[in-house]
Novice: 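One structure, as structure tokens, below. Some questions next.
Atoms within each ligand, like the ligands themselves, are counted from 1 in listed order. Counting begins at 1 with the first residue of the sequence.
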Amino acid sequence: MHTSTPTSIEQIEARLAELEPESRRLDPGPAARASLREPVVRYMEEFLDGLPAAPTYVEAPELADGIARLPIQDAPRSMPELVDAVAEHVDTAGLNPASGGHVAYIPGGGLFPAALADYMAAISNRYSGLFYPAPGAVRIENQLVRWMCDLVGYPARARGDLTSGGSIANLTAVVTAREAVGIRARDVERCVLYGTDQLHHCVAKAVRIAGLSEMQSRAVPMDDGYRMDTDALERMIRDDVEAGLRPFMVVSSAGTTDAGAVDPLERIHDIAHEVGAWSHVDAAYGGFFLLADEVRDSLVALGGADSIVLDPHKGLFLPYGSGAVLVKEGAALREAHVYRAPYLRDVPEDGDWFSPADHSPELSRHFRGLRMWLPLQVFGLAPFRAALSEKIWLARYFYERVQEIPGIEVGPYPELSVVMFRFVPESGTDVDQANRELARAIHDDGRVFLSSTEIDGIVWLRVAVLHFRTRKRTIDLTLDVIRRALSTAGLAGT
Ligand SMILES: *Cc1c(COP(=O)(O)O)cnc(C)c1O
């Protein structure tokens, strides 16, 4: 009956009157909003207060099974019941990324004002993809892009985009390079990409998604600090050019995920540019250490890159969902992504601003700039600088202290805030197996969470200090957890 025609105006009005009360429930009034909000705010306050005593890792995936008992249904459920479900089934099992004890992989953040910004952005829901519907939101995002461009030393013509993370930012950079260099389908097989085995896997993923998987790729050897060997890079490029191939892109890292190594950026840019290749730096982990005087010098050459990826949800301690790509020739980013559609005819060309949608695969999107802008403004830059310097000193502290544990051997001195270490038993035992057992025992303890990796066939454990809640006492706790794990795993005398 609802779809049949013709319908009288009275029938339409009757149907609307019938639907409105139920539909209205989606737009609660002040009292209903308060009763929705209060359990959430109360729980998050308890969550924050409980963090110092909370475990960082809990291996109990069965705790999440309760979600299955809450299927999506026609009838509503109460907010307190749902907040309890999140507390019991989501915020219990697995890794707690809000904990300062998260020293695995590359830690994320979760600054409190960023959550408040998300609250504002989700309610006002400004349409941040385009300037004319949301000039203020776009000004905020442009200002953040400009601030990052200034930080890396990019010129005024540079542009960028706030993405959901480093992977999408790297994809955007690869697509921009493909278009800017002018790679066509028939060229792909003859193109070559250069990077070390320490490149983040999302670069290979980006290459495939960008339709470039038939391109050749070269694993450039590394020095003993896991940095790109630029003499080897130069030789490989020369050989490829002689063989009639086309060096397309050199991807280097400013802070590798495993070892925190910074490739020799300046030399790499020179080598790439000499043959017309695009020099891209994945600085998702390390880029914001430009704010720390201790290591700034090793990162200043970032500005020589054609494109750069930064991850504000790492180095600026934001919650997950905040990456960034910067492109020196901003027009290249735009040309690779801009489209016009009949229903976007009212969209003006850029002024002293630029629309995110013209520089990204996205159109409608979260106004993600606000969660970066608000913390930077409300705290100012000084505490960010201090926190990033603190992370460097904590890594150095760990590097010294962990060597006091009998049998522990360390990797290279931390360039940024990652320390690799492993346990080398006196004799007879399989070293890699011993380190897997040590990692297991640390996970079982759960007070802190660290991860292991394998480089050149050797198993290493690693501590990556980047969480804004990681303090000296967290590192002391980490050392204690390692000592205990060695003894519970039966690897060291108690
Ligand atoms: C984290 C990381 C990435 C991937 O970024 P996501 O934000 O997880 O998508 C890429 N490169 C490096 C060096 C990283 O540390």
Novice: Relative to the heavy atoms of Y285, which atoms of ligand 1 are at a distance of less than 4.0 Å?
Specialist: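 Atoms satisfying the 4.0 Å criterion: 15 (O).
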Novice: May I ask you to identify the nearest protein heavy atom to atom 9 (O) of ligand 1, giving residue, atom name and distance to one decimal place in Å?
Specialist: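 So the nearest neighbour among protein heavy atoms is S167 OG, 2.6 Å.
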Novice: Below 4.0 angstrom from a heavy atom of G166, which ligand 1 atoms are there? Numbered from 1 as shown, please.
Specialist: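 Near G166, meaning under 4.0 Å from one of its heavy atoms, ligand 1 has 5 (O), 6 (P), 7 (O), 9 (O).
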Novice: Return yes when A283 approaches ligand 1 closer than 4.0 angstrom through a heavy atom, no otherwise.
Specialist: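 Heavy atoms of A283 never come under 4.0 Å of ligand 1.
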Novice: Kindly confirm or rule out an N or O of D282 lying under 3.5 angstrom from an N or O of ligand 1.
Specialist: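 Such a contact does occur with ligand 1.
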Novice: In terms of atom number and element, which parts of ligand 1 are under 4.0 angstrom from non-hydrogen atoms of C202?
Specialist: 10 (C)
Novice: Using distance alone, with no hydrogens and no angle criterion, decide if S417 and Y285 have a side-chain donor and acceptor under 3.5 Å apart.
Specialist: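 The criterion, which ignores hydrogens and geometry beyond distance, is satisfied for Y285 and S417.
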Novice: Just which atoms of ligand 1 are under 4.0 Å from any heavy atom in T257?
Specialist: 12 (C), 13 (C), 14 (C), 15 (O)
Novice: Can you list the ligand 1 atoms lying under 4.0 Å from a non-hydrogen atom of D311?
Specialist: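 Per the distance check, 1 (C), 5 (O), 6 (P), 7 (O).
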Novice: Would you mind telling me which of V309, V207, V203, T196 makes a side chain to side chain contact (heavy atoms under 4.5 Å, CB included) with V251?
Specialist: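 Testing V251 for a side chain to side chain contact (heavy atoms under 4.5 Å, CB included) against V309, V207, V203, T196 leaves exactly one candidate, V203.
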Novice: Short list, please: which atoms of ligand 1 are under 4.0 Å from a heavy atom of G255?
Specialist: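 It comes down to these atoms of ligand 1: 13 (C).
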Novice: Tell me, with the steps shown, if I140 and R126 meet side chain to side chain contact (heavy atoms under 4.5 Å, CB included).
Specialist: CA-CA 12 Å; I140 280 185; R126 298 309 307 208; over 6 Å; no
Novice: Name the closest protein heavy atom to atom 10 (C) of ligand 1, giving the residue it belongs to and the distance to 0.1 Å.
Specialist: H200 CG, 3.3 Å
Novice: Identify, by atom number and element, the atoms of ligand 1 in contact range of K314, meaning under 4.0 Å from any of its heavy atoms.
Specialist: 1 (C), 2 (C), 3 (C), 4 (C), 5 (O), 14 (C), 15 (O)
Novice: Does a donor on one side chain sit under 3.5 Å from an acceptor on the other, for T453 and R462?
Specialist: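 Distance-only check fails for T453 and R462.
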Novice: With no hydrogens and no angle check, just 3.5 Å: does a side-chain donor-acceptor pair link D197 and Y226?
Specialist: no
Novice: Verify whether one side chain among R368 and S164 offers a donor that lies under 3.5 Å from an acceptor in the other.
Specialist: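 Side-chain D/A pair, R368 to S164: absent.
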Novice: So is S253 close enough to ligand 1, meaning a heavy atom under 4.0 angstrom away?
Specialist: no
Novice: Considering residues, nucleotides and ligands other than E274, do more than 12 of their heavy atoms fall under 6.0 Å from its CD?
Specialist: no
Novice: What atoms of ligand 1 come closer than 4.0 angstrom to any heavy atom of I106?
Specialist: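 Listed by number with element: 15 (O).
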Novice: Can you tell me how far the NE2 atom of H102 sits from the NE2 atom of H467, to the nearest 0.5 Å?
Specialist: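 H102 atom NE2 to H467 atom NE2 measures 7.0 Å (nearest 0.5 Å).
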Novice: Are R436 and Q433 linked by a side-chain donor-acceptor pair shorter than 3.5 Å?
Specialist: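 Checked: R436/Q433 side chains pair up, N/O donor to acceptor below 3.5 Å.
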